[in-house]
There are 2 protein chains.
Amino acid sequence: MLFDSLLEALKKLVRVDIQDFEIFSKDLQHVQLKKNEIWEQEDKISHFMGFVKSGLLRQYSNKDGVEFTTNFFMENDFAGNYVSYETQTPSTTITAALEPSELFVIPFSVLQAYHRSIPSTKEAADLIGKTKLLQVHERNSSLLMNTPEERYYQLVKEKPALLNRVPQYLIAQYLGIRPETLSRIRKRHKN
Amino acid sequence: MLFDSLLEALKKLVRVDIQDFEIFSKDLQHVQLKKNEIWEQEDKISHFMGFVKSGLLRQYSNKDGVEFTTNFFMENDFAGNYVSYETQTPSTTITAALEPSELFVIPFSVLQAYHRSIPSTKEAADLIGKTKLLQVHERNSSLLMNTPEERYYQLVKEKPALLNRVPQYLIAQYLGIRPETLSRIRKRHKN
DNA sequence: TGTATTCATTGACTTTGGTCAATAAAAACG
DNA sequence: CGTTTTTATTGACCAAAGTCAATGAATACA
């Protein structure tokens with residue numbers, strides 16, 4: 001019941017043995033975040049892999065007092081700064097809740113121990129990593145090759161649900177433009 | 001002799017057993033590219049990991065007839081579209097030689113076979129993957145958070161050697177700006 | 001080495017997005 | 001429910017980058 005959504009998400013990646021999953025799930029920590037509460041701070045190496053049971057999170061950086069949103073994590077997304085963990089470099093981003101959120105969280109070190117005893121955990125982790133890798137590449141291409149307007153409509157197409165839940169100025173941050181500009185882009189395509 | 005530069009590059013990543021390396025190096029293919037010759041085409045899944053012995057390559061995409069340079073590979077760089085291979089999705093980029101170049105190349109499948117017999121090959125491959133991952137993240141941040149001018153001077157700082165070898169209009173492509181704009185950025189900081 | 005080609009620079013102008021400020025709309029909350 | 005706070009929109013203006021075209025410099029190569 002509690003872990004149903006995680007189980008479903010994993011089933012989409014690998015064949016899951018229920019016994020294994022029950023053992024595994026005992027090591028999951030349950031994190032509850034209030035709105036605006038920070039899950040992971042910057043400047044330290046990330047130690048956790050998370051799964052969003054409910055809610056919505058935002059990953060962002062600060063540059064000279066200006067915030068840039070680098071990612072959103074919604075329910076059923078795998079969240080976490082795996083770049084920081086994988087490369088053992090301090091995170092340059094903050095991850096905080098935009099809505100009250102519930103996460104299941106596992107220390108990377110514990111997860112890696114499971115990689116030996118339950119190989120499908122490694123398979124799944126690798127697949128998640130590959131998906132993230134593909135995403136970050138696509139974001140690169142998009143930032144390099146597309147106009148802000150194109151990026152916006154790509155987002156509308158790919159994550160329509162986000163737009164109703166995230167303030168526009170954060171969408172603008174994610175797209176790399178000012179809120180006023182996003183407002184005008186939207187206006188152009190009304191009527 | 002022939003593989004010296006590769007051996008050195010690997011030694012920076014892992015402890016290399018010379019016997020192992022000699023066996024391994026027998027499986028390397030030697031690729032010679034003339035200027036402007038294409039190494040890897042787009043629209044197919046990439047099968048090779050490469051090491052640049054000498055020369056300079058450029059990875060780029062085409063969008064509506066406009067080219068965007070996504071990466072440069074110079075001597076002692078590991079090259080190849082590992083995203084395409086890892087995710088088994090067709091490459092969206094072309095990799096071609098900017099200068100006459102020599103590569104050592106190994107099929108990913110052969111490399112993976114070595115991962116069993118010579119564990120350090122896997123260690124090295126993983127480290128290379130992590131480095132690339134970090135690079136692509138840094139590029140994301142840079143495209144999102146920095147101005148074209150900042151990106152240019154960051155490049156000047158990080159890869160000064162590139163600037164003398166790559167036509168400016170390709171640097172501009174890489175930065176996501178027009179050649180005229182790059183020319184003007186450079187002009188601002190003269191005198 | 002001379003000619004052709006490619007590349008870089010510059011100017012004039014346009015377009016796009018940023019800035020600032022005012023106002024309106026929406027959301028949060030006691 | 002009404003008040004405060006946050007968010008979105010709009011206008012006027014500015015700055016940065018793009019476009020187009022001309023010229024000059026560098027490079028390739030026959």
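Keep in mind that this is a model prediction, so the values were computed, not measured. Numbered from 1 within each chain, the chains take letters A, B, ... in sequence-line order.
- B/Asn146 and B/Gln154 share a side-chain donor-acceptor pair at under 3.5 Å.
- In this view, B/Glu138 satisfies the salt bridge (charged side-chain N to carboxylate O under 4.0 Å, His left out) rule with no residue, not counting sequence neighbours.
- Between A/Arg186 atom CZ and D/dT10 atom C1' there is a gap of 14 Å when expressed in whole angstrom units.
- We find that CG of A/Leu170 is positioned 14 Å from P of D/dT6, with the value rounded to whole Å.
- The backbone N or O of B/Ala79 sits nowhere less than 3.5 Å from a side-chain atom of B/Asp77 that would complete a donor-acceptor pair.
- When rounded to the nearest whole Å, the span between CG of B/Asn36 and C1' of D/dC29 equals 14 Å.
- Exactly one residue among A/His47, A/Gln29, A/Met49 makes a side-chain contact (heavy atoms from CB on, under 4.5 Å) with A/Pro107. That residue is A/Gln29.
- The side-chain contact (heavy atoms from CB on, under 4.5 Å) test with B/Thr121 singles out one residue from B/Gln112, B/Arg116, B/His115, and that residue is B/His115.
- In this pair, A/Tyr153 and A/His189 present their aromatic rings tilted. The plane angle is within the 30 to 60° band.
- Here the side chains of A/Gln88 and B/Lys130 are not in contact, with every heavy-atom distance at 4.5 Å or above.
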Nucleotides 4-7 of chain C: which of its N/O atoms have a protein N/O under 3.5 Å away?
{"unit_1": "C/dC7", "atom_1": "OP1", "unit_2": "B/Tyr169", "atom_2": "OH", "d": "3.2"}
{"unit_1": "C/dC7", "atom_1": "OP2", "unit_2": "B/Tyr169", "atom_2": "OH", "d": "3.3"}

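- The only option from B/Phe104, B/Phe51, B/Tyr114 that meets the ring pair (Phe, Tyr, Trp, His ring centres under 6.0 Å) definition with B/Phe24 turns out to be B/Tyr114.
- The shortest distance between side-chain heavy atoms of B/Ile185 and B/Leu175 does not fall below 4.5 Å.
- Put simply, the residue from B/Thr93, B/Thr92, B/Thr95 that forms a side chain to side chain donor-acceptor pair (under 3.5 Å) with B/Asn81 is B/Thr93.
- Straight-line distance from the CG atom of B/Leu163 to the P atom of C/dA8: 12 Å, rounded to whole Å.
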Taking only N/O atoms, report every protein-nucleotides 28-30 of chain C pair under 3.5 Å with atom names and distance.
{"unit_1": "C/dA28", "atom_1": "OP1", "unit_2": "A/Lys35", "atom_2": "NZ", "d": "3.4"}

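- Just one of B/Arg58, B/Lys35, B/Arg165, B/Lys34 meets the salt bridge (Lys or Arg N to Asp or Glu O under 4.0 Å) condition when paired with B/Glu99; it is B/Arg165.
- Look at CG on B/Leu98: it is 15 Å from C1' on D/dT27, rounded to the nearest Å.
- Interface residues of residues 174-184 of chain A facing DNA chain D, ordered by number: A/Glu180, A/Ser183, A/Arg184; criterion, heavy-atom separation under 4.0 Å.
- Going from atom CZ of A/Arg165 over to atom C1' of D/dT6 covers 19 Å, rounded to whole Å.
- Put simply, NZ on B/Lys34 is 17 Å from P on D/dA28, counting in whole angstrom units.
- In this structure, CG of A/Asn164 is placed 14 Å from P of C/dA26, rounded to the nearest angstrom.
- Taking Ile, Leu, Val, Met, Phe, Trp and Tyr as members and joining any whose side-chain heavy atoms lie under 4.5 Å apart, directly or through other members, the hydrophobic cluster of A/Tyr60 also contains A/Ile38, A/Ile94.
- Direction of the helix axis in the helix from C/dT1-D/dA30 to C/dG30-D/dC1 shifts by 60° between the two five-pair termini, rounded to 10°.
- Cation-pi check for B/Arg139 over B/Tyr174 is met; the charged atom lies under 6.0 angstrom from the ring centroid and within 45 degrees of its normal.
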